[in-house]
Structures are given as structure tokens and as C-alpha cells.
Amino acid sequence: MYTNDLFLRAARGERVERPPVWLMRQAGRILPQYRALRASLSGFKELVSTPDLAAEVTVQPVDELGVDAAIIFSDILVIPEALGLDYTMVEKVGPRFPKVIRSKADVDALRPAADAPGHLGYVYDALDATKQRLADRVPLIGFAGAPWTIFAYMVEGGGSKTFSKARRMLYQDPQLSHQLLERIALATAVYLKKKVRHGADLIQLFDSWAGVLPPDHYREFSLRYIDLICRELTGTPVTVFAKDARHALSGIGQLSCQVVQLDWIADVDKARAQVQGKVLQGNMDPAQLYADTEQVAKATRAMLDRFGRGHIANLGHGVYPDTPLDGVKAFVNTVKAYRYGA
Ligand SMILES: Cc1c2[nH]c(c1CCC(=O)O)Cc1[nH]c(c(CCC(=O)O)c1C)Cc1[nH]c(c(CCC(=O)O)c1C)Cc1[nH]c(c(C)c1CCC(=O)O)C2
């Protein structure tokens, strides 16, 4: 079905000749083509909401880097927006929500979960346009934020070191917290199923703020809703990424997902033992790519040796925007030249 289906074969746990490779945030500021296009626009949101442009930047890393998968250019914050919480992307600051969720009235004022995915037509159009441009060269990854991470932005109103307002709500009003999480999870499940209908071959769930929750809260307020989404996506491979949450791995090992993304702090051998039977994705330190290209190649081979089979090569988090393109290419090309032993 694809000229290069290595990524999907590896994600399904099939025996492959080498690990596939792609990078989180590969469609973005590391590429001069992206920066040029981005500079001609009013901002990030124009790019996200214009299907043809989103498709163009989605395909850029496939052309420029030769990665084994594309990831649709979008953002996890389209879900809160579709639920009725508008955001702005402030240059050098990050996302800001002028209106936030603090009370039951705020939750009740949101759109019903079943209606929200209908407001994301531009994402489905971007998937359609991307599939055309890709012309079956490589598979396309769809994604969403895990419900806890989306909740964290909706309550906090933006990024935060501690997400103390979001965590406060879990203690002060667990019932309302569950109401909001359920609404996010249901909207996300419908949205992701639509993405699959528009050509997403695998879904990655980003729980970027998993690491601020204690283990019991992680199970109650995050894992439960990731599980709900995984169950809805039967037939489509899913990758789960709980960043900075070592304690979450055993629970993630019980989910019906196929792939587990590791951050760069993770101990690969321990992770393997905790999520037996799953494919691992990751986990090079993004800062490693600042080193000279020979060092990058050496570190990449060491990482591949450590993971062995059942691995999709990636970084431990998104590639930093000022990473030299040479470092990125050394990483990708080293993986592509690697071969597993017999
Ligand atoms: C937490 C989160 C967000 N968005 C996302 C996450 C989860 C992954 C993670 O933990 O990083 C996910 C995301 N955001 C973006 C993608 C595109 C696909 C890809 O990986 O290439 C993906 C998968 C584009 C983007 N999303 C954003 C950019 C940069 C915007 C720009 O070009 O001006 C891109 C390319 C903006 C964004 N979006 C978000 C923040 C905090 C920021 C600001 C920080 C920054 O500037 O990098 C929210």
C-alpha cells in the first residue's frame, strides 16, 4: 500500500530489517522551508487552519530528511478550541487561553463533546491534502493531546512549570474534574476516529504533562481516559507518550496500545520490562543533536544497539527549533544505514 511501510510494520511488531525513524516536531522550525513559509503568514494558527499549507509543511520533512513517516501539522490545542475555549499562540511565550475553566458553569458552557469534532473540518481537509501530496510514499501519523494534558491547558490557561491550578482542581473538585476530562476524552475519541477515516495510519497521544501528577492521580485522572481513547481506536495502532512519568509505564503496559514513546530520561531496559510485548519509540536526548555529526552518528548507533528489535527511532521529546539541520540529518541517516543482526 505504501512505497515505504517500514514504520507501520514496526509499529505492528513485525520483524523488520532496520528501525524506522521520524522525529517529533519534525514539521517545524528546524526546516528553512518551514521558516520561510511561516514568515509569510500572520502566525502559527493561520498555518494550522489552512489545509493546503498544513499539508505542505507536513510533507517538508519527508522530502528534506527522508523520514519513514509524516505527522500531520496541527496542534493538540485544536480540541479545547473546538470545545469552545479559544487560544492564541504568543511568539516566544507559547499558548494562552483568554478564557479558562474554573467552575461548573465554565464546564457547562463548553460545547457538547459530540459537537466539537464537527468544528475541526480544517484538520480533516489537511489530512486529505496531505495524503494527496504524499502519494503513498510513507504512512501518516495523526495525534491528539491526552485528556489530562488538554485539561491542564484549559484550567491553567497556558503553559506552567507546576500546573498548580489544574492540580488544585483535582483535589478541590474531583467530580467536576472527571466531568471535564470525560468531555475532552469523548470529543478526542470522535475526532481521532475521523482522522483515521481521513487517512491517519497511526495515532499518537501526547501526555506532555503526565509528569506533574502523583501516581494515584495519574491512574485516576489520566490513564483512565487514555484507556477510553485506546479502546475506541480498535484496528488502528496507537502510540502513548507519558512524558516524565516513569511510574506510568506499568499502567501503560496494560493498555491496548501497540507503541510506547519514551522520554530521554527513561531507562530503556527497565521500560522494556514494564511494557512487555509493546514496541518502544524514542528516546535520544534532543540536545544530543547539537553535537558534531560524528558524535551524533555514534550516539545514534549506541541507542539502536541498546533498544534492539521492537523499536521505532525518535528523540525523547520534540526536536528543538534551533537544532542544526546537519545534526538532524546525521541522526536520520544513521538510523537508515543501520541493519539488525540475524
Ligand atoms: C504540548 C504540545 C503542544 N503541541 C503539541 C504538544 C505535545 C508535544 C509536546 O509535548 O511538545 C503537539 C504538536 N505541535 C505541533 C505538532 C506538529 C507535528 C510535528 O510533530 O511535527 C505536534 C505533534 C506543531 C507546533 N506547535 C507549536 C509550534 C511552534 C509554533 C511556530 O511555528 O511558531 C509547532 C511547529 C506551538 C506550540 N504548541 C504547544 C506549545 C506549548 C507550543 C509553543 C512552544 C513552541 O513554540 O514550540 C502545545
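Just follow the structure's listing: the first ligand is 1, and inside any ligand the first atom is 1. Quantities reported herein were computed from a predicted structural model and do not represent experimental measurements.
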Is there at least one pair of N or O atoms, one from [X] and one from ligand 1, spaced under 3.5 Å apart?
X: H317; value: yes
X: T149; value: no
X: Y34; value: yes
X: A27; value: yes

Using heavy-atom distances, let me know which of [options] sits nearest [atom].
atom: atom 33 (O) of ligand 1; options: Q261, R38, Q26, R25; result: R38
atom: atom 36 (C) of ligand 1; options: M24, Q204, M89; result: M89
atom: atom 14 (N) of ligand 1; options: L41, L47, D75, I76; result: D75
atom: atom 41 (C) of ligand 1; options: P95, G94, G159, G43; result: P95

**Request:** Give the residue, atom name and distance (to 0.1 Å) of the protein heavy atom nearest atom 34 (C) of ligand 1.
**Result:**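 For atom 34 (C) of ligand 1, the nearest protein heavy atom comes out as F44 CE1, 3.4 Å.
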**Asked** For S74, is the nearest heavy atom under 4.0 Å from an atom of ligand 1?
**Response**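 Yes.
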**Message:** For the CZ atom of R183 and the OH atom of Y225, what is their distance to the nearest 0.5 Å?
**Reply:**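 If we round to the nearest 0.5 Å, R183:CZ and Y225:OH are 12.5 Å apart.
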**Item:** Pair F151 and F163, ring centroids less than 6.0 Å apart
**Value:**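 No: the rings miss the under 6.0 Å criterion.
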